[in-house]
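Quick caveat: nothing in here was measured; it's all calculated off a predicted structure. Each chain gets a letter, A, B and so on, in the order its sequence line appears, and its residues count up from 1.
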Amino acid sequence: MENYNPKKLERKWQGIWEKEDVFQAKNKSKKLKFYVLVEFPYPSGEGLHVGHCRSYIGLDVVARKRRMEGFNVLFPMGWDAFGLPTENYAIKTGIHPKIATRKNTAYFKRQQKGLGLSFDWFREINTTDPAYYKWTQWIFLQLFKNGLAYKAKIPINWCPACKIGLANEEVVDAKCERCGAGVVRKEKEQWLLKITNYAERLIQDLDLVDYSERVKVSQNEWIGKSEGTEIEFRIMNQELRITVFTTRPDTLFGCTYLVLAPEHPIIENLKSQISNFKFVEQYIKESKKKIEKERISEAEEKTGIELKGIKAINPVNGREIPIFVADYVLMQYGTGAIMAVPAHDQRDFDFAKKYNLAIIEVIKPKNFEHNFSEGAYEGEGILVNSRRFEGMKSEDARERIGEWLARQNVAEKVVHYKLRDWIFSRQRYWGEPIPLVFCENCAVKIKNQRAKIKNNEFSIGELQNPGWIAVPEKDLPVKLPLVGDYKPTEKGESPLAKIKNWVNTKCPKCKGPAERETDVMPNWAGSNWYYLAYTMPRIQKSKSKNQKYIWDKNKIKYWLPVDWYNGGMEHTNLHLLYSRFIYKFLWDVGAVPKEIGPEPYKKRTSHGMILGEGGIKMSKSKGNVINPETVVKEYGADTMRVYEMFMGPFEQMIPWDTKGAIGAKRFLEKVWRLQNKVNQKSKRNKFRLRASKNQNLESLIHKTIKKVGEDIESLKLNTAVSSLMILTNELDKQKEIPLILYSYFLILLSPFAPHLTEELWFRVGFKGLCCQQKWPKYDSKLIKEEKITLIIQINGKVRDKIGVEADIPEDEAKKIALSQEKVLKWTKDKKIKKTIFIPRKLINFVI
RNA sequence: GCCGGGGUGGUGAAACUGGAAAACACGAUGGAUUCAAAAUCCAUUGCUCGCAAGAGCUUGAGGGUUCAACUCCCUCCCUCGGCACCA
């Protein structure tokens with residue numbers, strides 16, 4: 001027997017699998033379908049990370065098991081290739097992102113293939129492929145036509161040095177990540193998607209899916225639903241009103257001032273009434289300069305300024321109260337204005353103390369006196385100083401006061417969400433062009449002659465965004481033009497704005513001159529719907545013609561929903577939420593069949609991060625990055641696979657340990673050596689061997705079938721591997737391994753170490769491929785052991801153990817136990833007060 | 001501050017419907033094999049006392065429930081992750 005040579009045999013079997021299309025999902029099949037999805041990677045220049053591998057290998061184990069269980073499995077892979085790093089690389093080196101992407105994806109693919117992952121490469125996708133992003137653009141157009149996309153001026157993070165808009169992730173400590181300049185807020189026109197329309201359903205439908213609790217909690221919090229009341233405050237001698245949002249209308253009698261967010265539009269309208277407007281203006285200007293992150297870090301020190309010359313009126317008691325502007329109130333949440341109740345809200349309390357404002361207690365705790373030197377009392381209690389609501393429980397008053405004000409038309413129950421509309425444009429190059437043009441003629445027509453416009457002449461989106469006209473679907477994709485210079489313009493526009501002959505075009509409606517939108521979509525756009533793309537058939541009429549994807553509802557209906565989706569915890573708030581939203585929209589407009597249901601992913605799991613050796617995060621700067629390719633080269637793919645599954649709980653963060661990989665290698669070498677012990681003659685023997693000698697082994701095999709099967713289902717892959725190690729150690733002790741037992745063993749191991757098991761399967765002379773065998777079923781009768789070790793405890797402490805028949809009756813067990821020498825030592829001269837007998841486990845004497 | 005995960009040997013961890021704590025690995029020590037090394041095999045390996053038989057202690061800390069607690073309850077500490085002036 002030659003030595004275990006993973007390099008040679010892994011290449012061999014990868015070749016055979018590929019040649020025989022073993023992992024290709026069938027579009028027509030009598031088998032039940034099973035769709036296993038792992039997040040497709042962003043193909044960076046650094047290549048695959050060991051963390052990627054964890055997700056791929058884990059779900060590869062699942063996919064392989066499902067195939068062996070007889071399912072038609074779809075386990076695809078692709079490239080989420082639009083994005084900033086490639087673009088920045090282009091700016092630095094002048095190498096076109098397309099070229100860099102091609103190189104990177106080839107590298108990633110080579111590494112993935114080298115791991116023996118059972119992806120269906122016939123369905124490979126790439127978000128930067130025009131055939132692919134044609135549909136990304138098409139989805140955007142559907143959103144636009146249905147009124148879910150709109151352009152608005154909103155504040156963004158702006159780097160004055162780079163002259164570029166930054167994503168939140170690119171802002172570190174209020175500074176530009178790249179140049180270190182201070183980031184400011186700047187108003188910019190951006191496309192937004194109305195994800196907030198779906199907030200309620202995105203919460204509700206979490207009940208329909210099997211996501212881990214932490215994912216559900218996280219999504220829920222991100223959406224941030226809050227039920228409360230909006231209350232209108234009159235302003236003295238003014239027509240204008242201020243509407244506030246509160247969840248505690250029961251404290252309204254304790255409201256002693258109002259606070260507006262600095263961006264609140266009413267301030268501008270009250271300009272002439274505000275006697276100290278100069279100072280107010282100054283304050284607003286200062287606070288605008290701060291970006292959001294800075295505001296938060298100053299949470300302890302609240303600042304603000306009173307609007308002198310105007311007063312608001314508390315609707316419950318007619319009291320005149322001052323109005324402040326303070327940046328502890330956020331424009332983006334609620335109404336951008338609050339009623340301040342310093343006695344019962346800590347933030348208001350701090351503010352009131354600083355500016356010497358009245359603090360009126362209106363809720364008294366039931367069983368104790370609240371000490372206001374400690375701060376505000378935010379709990380429930382009994383109303384005081386509240387006129388007709390005096391003595392009422394705060395929980396009840398919450399409803400009553402709201403109703404009472406509602407009858408006077410100054411209050412309304414409302415629901416608010418933290419979730420904001422989704423900023424969907426980037427002033428960049430390497431992304432999907434937004435397929436819209438701006439037409440001045442049409443803009444004028446829509447604005448000025450609304451009445452004359454015929455039905456269906458313009459879509460909802462076109463009417464809502466005057467001048468913005470959709471590119472006709474037949475003209476998709478709007479291809480990203482080649483440029484030589486990837487830097488944004490002086491004004492911070494996309495580099496596309498510089499290509500005049502691309503920008504200048506004809507309006508598809510009026511045929512007049514028009515300009516293309518030069519913003520591109522964010523990198524989420526391509527990953528919003530990619531799981532659908534894997535189901536889509538492609539056609540290519542000739543070599544010279546470009547490939548096309550067909551939106552085939554039947555195929556979507558067959559494969560969706562995704563049965564099992566695994567990805568990083570870092571994507572639960574954005575990608576997962578965004579793609580659920582886009583799916584729901586497509587489902588609403590009938591682009592995906594109704595039968596599938598309102599959710600795209602049935603089950604979602606998350607793998608833990610892999611840290612560098614010693615528990616610190618892997619990073620290029622620390623030089624502790626482990627390249628999976630080196631591991632594969634040195635130890636083999638199967639070792640890499642087994643180690644990554646064995647290293648610890650799948651969902652948990654874990655440090656890399658090369659020594660552990662060596663352990664995995666040793667295990668596989670042991671497995672390799674077992675082939676010498678296989679008894680070829682035992683082929684004819686039935687699995688159920690009469691020889692009592694092998695009963696334990698038989699029982700162990702069945703236990704392992706059960707354990708490995710169940711562990712894979714719950715992603716306890718570490719204990720699955722460990723039980724295979726136990727079995728291997730046991731097989732190693734045998735003089736001879738019956739062939740049939742050996743075949744079961746190889747099948748169980750094959751999802752983890754597919755190359756090795758394939759080779760051994762072949763060497764022993766079994767027919768077919770190991771990875772195409774039927775997954776074995778265990779016999780529960782064989783798992784039950786006939787003899788067990790009964791634990792004898794005295795006062796709960798283990799004192800002895802005896803080997804007995806498994807179903808020994810209590811009185812007999814008691815008799816034997818009490819006659820044991822070690823037990824007698826403890827029970828001598830003592831009275832047994834109580835005996836607890838747990839069949840198959842233990843007997844406990846209380847003395 | 002709030003929410004969620006977690007705290008078990010020298011290390012990664014296992015056991016969690018309450019029933020032998022430390023499975024399986026890594027590392028370490030000793031031995032076999034070898035001219036030697038690697039590889040492999042065998043033995044030991046939670047801590048303390050003891051020559052030993054054995055005894056006691058041990059799952060972040062403290063308390064409780066129970067015949068029996070890593071597991072359930074209460075109080076607290078630490079740590080990782082998320083959210084955060086959200087009204």
Margin query: Using a heavy-atom cut-off of 4.0 Å across all strands, would you classify A:P655 as base, sugar-phosphate, or nothing?
Written below: nothing
Margin query: Could you check, using the six-membered ring where one of them is a Trp, whether A:Y355 and A:Y257 have ring centers closer than 6.0 angstrom?
Written below: no
Checklist line | B:U71 versus B:U8 - spacing of their C1' atoms, nearest Å | finding: 12 Å
Margin query: Can you confirm whether the side chains of A:K225 and A:N220 place a donor and an acceptor under 3.5 Å from each other?
Written below: no
Notebook entry, point to check: In whole angstroms, how far is the P atom of B:C26 from the CG atom of A:N729?
Noted result: 10 Å
Item checked: Short side-chain N/O contact from A:N718 to OP1 or OP2 of B:A14, under 4.0 Å -> yes
Next item on the list: Write down the distance separating the P atoms in B:G9 and B:A23, rounded off to the nearest Å.
Entry: 13 Å
Notebook entry, point to check: Does A:R666 put a side-chain nitrogen or oxygen below 4.0 Å from OP1 or OP2 of B:C26?
Noted result: yes
Next item on the list: Could you work out the separation of B:C24 and B:A15 based on their C1' atoms and round it to a whole Å?
Entry: 12 Å
Notebook entry, point to check: Under 6.0 Å from the six-membered ring centre of A:Y635 and within 45° of its axis: does the NZ or CZ of A:K665 meet both?
Noted result: no
Item checked: B:C80 versus B:C86 - spacing of their P atoms, nearest Å -> 24 Å
Check: Which value, in whole Å, describes the distance between the C1' atoms of nucleotides B:A84 and B:C2?
Finding: 8 Å
Notebook entry, point to check: Is there a donor and acceptor pair closer than 3.5 Å between the side chain of A:K302 and the base of B:C85?
Noted result: yes
Notebook entry, point to check: If you measure from the P atom in B:G10 to the same atom in B:C16, how many Å do you get, rounded?
Noted result: 24 Å
Margin query: Any base atoms under 4.0 Å from A:D345, or only sugar-phosphate, or nothing? Heavy atoms, all strands.
Written below: nothing
Item checked: Distance between P atoms of B:C73 and B:U17 (Å, rounded) -> 13 Å
Margin query: Looking at A:Q652, I'd like to know whether one of its side-chain N or O atoms comes within less than 4.0 Å of OP1 or OP2 on B:A13.
Written below: yes
Item checked: Gap in Å between the two P atoms, one belonging to B:G46 and one to B:A21, rounded -> 14 Å
